[in-house]
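Shown next, in structure tokens, is the structure this report addresses.
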Amino acid sequence: MGLRLTLHDGERVLLDFPLSFEEWDAETRNLIGRKLQGIESDLDSICEVCDFFSNKRRLQMVSHMVQEGDVPSSFTDLLRVAVNPKYISDLVNRAPRKGFVVKDERGYRVSPAGLGSFLLLSLGTRKLLERLDSIN
């Protein structure tokens with residue numbers, strides 16, 4: 001058995017299937033087909049997420065905030081990471097409608113949607129690439 005994509009909400013499995021066409025049975029193919037049928041209506045949102053995380057400086061700043069946990073980051077904290085104040089402004093202004101990064105009176109923080117997207121894209125993709133490199 002190879003790699004699988006699994007997403008849980010507590011005890012409830014939201015999504016689970018193998019990441020190999022060879023391991024897909026008829027039920028898996030039908031599930032993925034049904035999930036992909038409605039994706040056209042979400043393409044703009046998906047592209048916004050990909051666009052937001054496609055910038056190295058934004059990724060570095062989000063990574064810094066995630067590592068800090070519940071402690072909001074100050075402008076000065078982020079300036080140490082981003083080097084340029086323009087990047088910090090860009091971090092909040094380029095965040096998708098879901099507000100991946102929020103600025104309030106306490107500082108800058110990553111929202112739950114931002115955290116989930118960041119971890120899925122960064123750690124998930126990194127682990128997938130490591131695994132594929134070890135197989136090849």
Side-chain angles (χ1 to χ4, degrees):
M1 182 168 247
L3 293 174
R4 300 183 69 81
L5 175 63
T6 305
L7 185 63
H8 295 262
D9 182 5
E11 295 294 318
R12 195 170 133 228
V13 176
L14 302 176
L15 196 60
D16 180 54
F17 54 82
L19 295 180
S20 168
F21 290 119
E22 294 80 23
E23 294 182 57
W24 289 6
D25 57 18
E27 182 181 339
T28 301
R29 288 183 190 282
N30 288 334
L31 169 70
I32 292 171
R34 285 192 313 272
K35 297 287 184 191
L36 289 176
Q37 280 179 347
I39 203 161
E40 284 291 324
S41 64
D42 293 328
L43 288 180
D44 288 338
S45 296
I46 294 168
C47 287
E48 282 181 348
V49 172
C50 292
D51 181 55
F52 180 77
F53 287 114
S54 69
N55 180 281
K56 184 177 179 179
R57 291 285 185 205
R58 281 195 293 268
L59 277 175
Q60 289 171 322
M61 288 185 287
V62 171
S63 178
H64 171 79
M65 287 185 282
V66 169
Q67 290 176 37
E68 293 298 311
D70 287 341
V71 179
S73 295
S74 69
F75 183 85
T76 305
D77 293 335
L78 293 178
L79 193 55
R80 287 187 199 109
V81 177
V83 182
N84 185 333
K86 180 180 180 286
Y87 289 123
I88 299 168
S89 171
D90 178 66
L91 178 70
V92 175
N93 294 333
R94 291 294 302 259
R97 287 175 271 153
K98 293 173 179 46
F100 284 1
V101 176
V102 179
K103 180 186 182 291
D104 58 23
E105 63 279 348
R106 294 176 39 218
Y108 297 83
R109 59 185 170 76
V110 179
S111 71
L115 178 62
S117 297
F118 173 74
L119 294 176
L120 179 64
L121 288 170
S122 62
L123 299 181
T125 301
R126 184 176 184 206
K127 185 56 75 175
L128 178 65
L129 293 174
E130 286 173 358
R131 183 70 178 131
L132 292 175
D133 283 346
S134 73
I135 292 170
N136 293 331

dist Asp42:CG -> Glu48:CD (nearest 0.5 Å) comes out at 11.0 Å

Sorted by chain and residue number, the side chain to side chain contact (heavy atoms under 4.5 Å, CB included) partners of Leu79 (sequence neighbours excluded) come out as Phe75, Pro85, Ile88

Would you say Val71 ends up clustered with Leu91 if hydrophobic residues are merged whenever their side chains have heavy atoms under 4.5 Å apart, either directly or through other cluster members? no

Assigning hydrophobic clusters by single linkage (Ile, Leu, Val, Met, Phe, Trp, Tyr; side-chain heavy-atom cutoff under 4.5 Å), is Leu123 placed with Leu120? no

Mind checking what makes side chain to side chain contact (heavy atoms under 4.5 Å, CB included) contact with Lys127, not counting sequence neighbours? Glu130

Side-chain donor/acceptor of Asn93 to backbone N/O of Ser89, under 3.5 Å: yes

For Phe100 and Phe53, I'd like to know if the aromatic rings sit close, meaning centre-to-centre distance below 6.0 Å. yes

Go through Phe17 and Ile32 one step at a time and tell me if the side-chain contact (heavy atoms from CB on, under 4.5 Å) criterion holds. CA-CA 9 Å; Phe17 54 82; Ile32 292 171; 3.7 Å; yes

Residue set satisfying ring-ring contact (aromatic ring centres under 6.0 Å, His included) with Tyr87, at least two apart, ordered chain then number -> none

Is there a side-chain contact between Arg109 and Asp104, using heavy atoms and a 4.5 Å cut-off? yes

Minimum side-chain heavy-atom gap Val110-Phe118 below 4.5 Å: no

Side-chain heavy atoms under 4.5 angstrom apart, residues restricted to Ile, Leu, Val, Met, Phe, Trp, Tyr: same cluster for Leu129 and Leu3? no

Between Arg34 and Gln37: side-chain donor-acceptor atoms closer than 3.5 Å: no

Kindly write out the residues that satisfy side chain to side chain contact (heavy atoms under 4.5 Å, CB included) with Asp25, not counting sequence neighbours, or none if the list is empty. Glu27, Thr28

Single-linkage hydrophobic cluster, 4.5 Å side-chain cutoff, Leu36 and Trp24 together: yes

Roughly how far, to the nearest 0.5 Å, is the OG atom of Ser74 from the NZ atom of Lys103? 11.0 Å

Table please: side-chain donor-acceptor pairs of residues 6-15 below 3.5 Å, with sequence neighbours left out.
residue	atom	partner	partner atom	Å
Thr6	OG1	Asp16	OD1	2.5

Same cluster or not: are Val92 and Val83 linked, directly or through other Ile, Leu, Val, Met, Phe, Trp or Tyr residues, by side-chain heavy atoms under 4.5 angstrom apart? no

For the residue pair Asp51 and Arg94, establish whether any side-chain heavy-atom pair is separated by less than 4.5 Å. yes

Could you check Met65 against Val62 for side-chain contact (heavy atoms from CB on, under 4.5 Å), going step by step and ending with a plain yes or no? CA-CA 5 Å; Met65 287 185 282; Val62 171; 4.3 Å; yes

When you measure from the side chain of Ser111 to the backbone of Gly99, do you find a donor-acceptor pair of N or O atoms at a distance under 3.5 Å? yes

Selection residues 67-79 - residue pairs positive for salt bridge (charged side-chain N to carboxylate O under 4.0 Å, His left out), sequence neighbours left out: Asp77-Arg80

Donor-acceptor under 3.5 Å (Ser117 side chain, Gly114 main chain): no

Could you check whether Arg58 makes a cation-pi contact with Phe52, meaning its NZ or CZ is under 6.0 Å from the centre of the six-membered ring and within 45° of the ring axis? yes

Check the pair Ile46, Ile39 against side-chain contact (heavy atoms from CB on, under 4.5 Å), reporting the backbone distance first and the verdict last. CA-CA 9 Å; Ile46 294 168; Ile39 203 161; 3.8 Å; yes

Return yes if some donor-acceptor pair links the side-chain N/O of Ser63 with the main-chain N/O of Leu59 below 3.5 Å, else return no. no

